Every structure is written in structure tokens, then in C-alpha cells.
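What follows is one structure encoded as C-alpha cells, with my remarks underneath.
Just so you know, these numbers come straight off a predicted model, no measurement behind them. In what follows, every heavy atom counts, from backbone to side chain, and hydrogens, waters and symmetry copies are set aside.
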Amino acid sequence: CCLFQVQGRLGNKMWTYATLMALKYKYGYRVFMEESDLEHLSYFFKNIDQVEPIEKLCNGTNYPWHIFTTSMKILQTDKWKYGQFLQFHTTLRLLAPNINGINGWHLLMHDYEQDVRKAFTFRDHFVNGAKKRIARFTTKLKDKHKVLKKAKEIVYVGIHIRLRDATRDIVVPFGLPDLTSSKYISAMSMLVDKLETKRQKVVFLIMTDDPFMVQKTIMPRVRNKFYVKQAGSGNVNNRISVGLDLAMMSQCNYTILSYGTYSFWSGFLSGGPKILPAHYYYGHTSWINEVPEGNQEPFMLTDSNMPYDSEK
């Protein structure tokens, strides 16, 4: 039996569910999450039915759980498959050097991409709400820009900008470089250079957890340069807001991502090419046709190939 107890919000819970589902399919484990976490996922997605609530197993029984803080690769061995109760520690760092490096998460998940996509199929009202919002934003932009109204095709780019706690929870403790406004703007310029033609235009939809800061520091620099709307409401404590922002990201053709699991799932659910921090932080990216080279594997976290301060 495997149990993950989740710290964090929706993105972390999605990561936990996907990982447990893969462990179940690949190695035959019986897998569990807390019932409240499964209910939270079911609020957004249709097919949360492959992980059991831990309350169903325990029912007041105190099992001898083994607490793991090491690599998940140990679960490949027969020693832990039968007659054991394994709990993964809640302080597991969901960053690429640990998850993709030490734990080889992308290798575990490799055969289960379609299963994960099925599990995280949005409930209809989120999809419909996202499409209506995107259509409304597009109409407003077309009313403002005659060139956009004449475009034969529009490429939608969802941008997720994590600001509220990124410095405190990721940049400072793990020594990752800060993702400044200029970095996001350079990513936008990169996509316009690669994708825009007379017939095809790029529309940017910004989702963020700090709309006020984006309105203050980014929008004045981009609103006259790009076709862009601050689309998300950014209320991280409102489930409808969180779901609609993620659903809008999933409807985009391309995504520009920041740090964290919510940003990762924004790119994954879109299914299109992803612009990760490693693509725009260094200021140069190779392209193959209309896809940035590297970091396009579905299960590589967004901080992949970023420089870390090794002393932190």
C-alpha cells in the first residue's frame, strides 16, 4: 500500500494523484490519498476514480507505516510490494532536480500520459466557462485592433505568472533565479517573432496569482506591443477561479510557464508546445519548425535545466 499526504494546493494534489496512479498501474500497488484531497480533485475533474481514500483502509486501525524520504525508485523492488504500508513524506520537494533527477518521475509516468489526461478531464462547466471567457476577450481585442480582426488564424498563448509566493517558496530557499517581468516579455517577443504572419496573429492570455502586480509592472509594457489580455482572476482561495484559470490555460495552443506544479499542469493540459523558464531565461532558444527545442517531454517539471545555487 502507498499513501501520499499532500502539502500545497491543486497542482501538488494533481501531481500526487498522477504519481499514485502510475505506481498502481506499473507495480500493482494499492494507493491512497486523503478523502478531502480526492474530493478537491473531483470538484474540477471527471475521472478521479483510481486512487482510494485512506479512510477506507484505516477505519480507526493504526497500521505500521514506513515513512519514506528517499527516491521513489525503491518501489520497483519486490520488498515493498506486499504486506507493507508506505507513506511518502510531506516535505518531498516537487522540483526538477529531485522529481525528474533523483526520482526519475518522467520515466515512471512515460507509459501513462493518456491515463493522466483522462483522469484530469475538466468538468463541462469549467470548459464552457473558459471558452466563453476566451471568446469574450478575443472580441474585445478585435474591437481594439483592426489588424487582429482581419487575421485568418489566431494562435492563443496562455501565460502563467507566479508572483505571490514564488520568491518566498521557490527562488530564495532553493536558489533559483527570479523570473522578472522582462523575462516574461522576452518570451512573448520570442513567440511573436516565430509565429506571427500577415494571416496569423498571436493573442496572449495572462493568468497570475497576483493580478495587481501584473497590472502594475507588466501590462503597461505590453498592452501596446502585443495583443494581450489579463484573463485570469487570480483568486487562489476560490475554487471556481482556480479551475477557470487552469481551464483557460488548457485551451491555449502554446503556454509560457513559470515555477511550480500549477504552472506545470497548465502546460501539460494544454498539450501544445511549452515555453519553460529555461527557454526564455537564457535569452536564446533553438526551434524546430514552430516548437522550441528541448524540454517538451510531458512529465518534465518547469524548472528543468535552470541554474540552482548548489549551497541552498
Between [Y] and [X], is there a side-chain donor-acceptor contact under 3.5 Å, judged purely by atom types and distance?
X    : Y    : answer
S186 : Y281 : no
S270 : T255 : no
H279 : T285 : no
S258 : H160 : yes

Charged N to carboxylate O below 4.0 Å: is that the case for [X] and [Y]?
X    : Y    : value
K13  : D37  : yes
E52  : R30  : yes
K274 : E293 : no
D178 : K183 : no
K24  : D115 : no

Does any N or O in the side chain of S266 come within less than 3.5 Å of the main-chain N or O of M249, such that one atom is a donor and the other an acceptor? no

Exam field: side chain R123 to backbone S42, donor-acceptor pair closer than 3.5 Å: yes

Y308 vs D303, test: side-chain hydrogen bond (donor to acceptor under 3.5 Å, both in side chains). Steps then yes/no. CA-CA 10 Å; Y308 275 76; D303 56 297; 2.3 Å; yes

Heavy-atom distance under 4.5 Å between the side chains of I159 and I161, does that happen here? yes

Would you mind reporting whether F174 and L95 have side-chain heavy atoms less than 4.5 Å apart? yes

Tell me if the aromatic rings of Y254 and Y156 count as close, with their centers under 6.0 Å from one another. no

Are the ring centres of Y112 and Y25 closer than 6.0 Å? yes

Under 4.5 Å between side-chain heavy atoms, hopping through other hydrophobics if needed: is there a path connecting M188 to Y280? yes

Quick one: do Y29 and I48 end up in the same hydrophobic cluster if we chain Ile, Leu, Val, Met, Phe, Trp and Tyr together by side-chain heavy atoms under 4.5 Å apart? yes

Within a radius of less than 6.0 Å around CD1 of I240, do more than 12 heavy atoms belonging to other residues, nucleotides or ligands occur? no

Distance check, rounded to the nearest 0.5 Å: L179 atom CG versus R162 atom CZ? 11.0 Å

Ring pair (Phe, Tyr, Trp, His ring centres under 6.0 Å) involving F299 - partner list, sequence neighbours excluded: W105, F268

Cationic tip of R239 above Y43 ring, under 6.0 Å, 45° of axis: yes

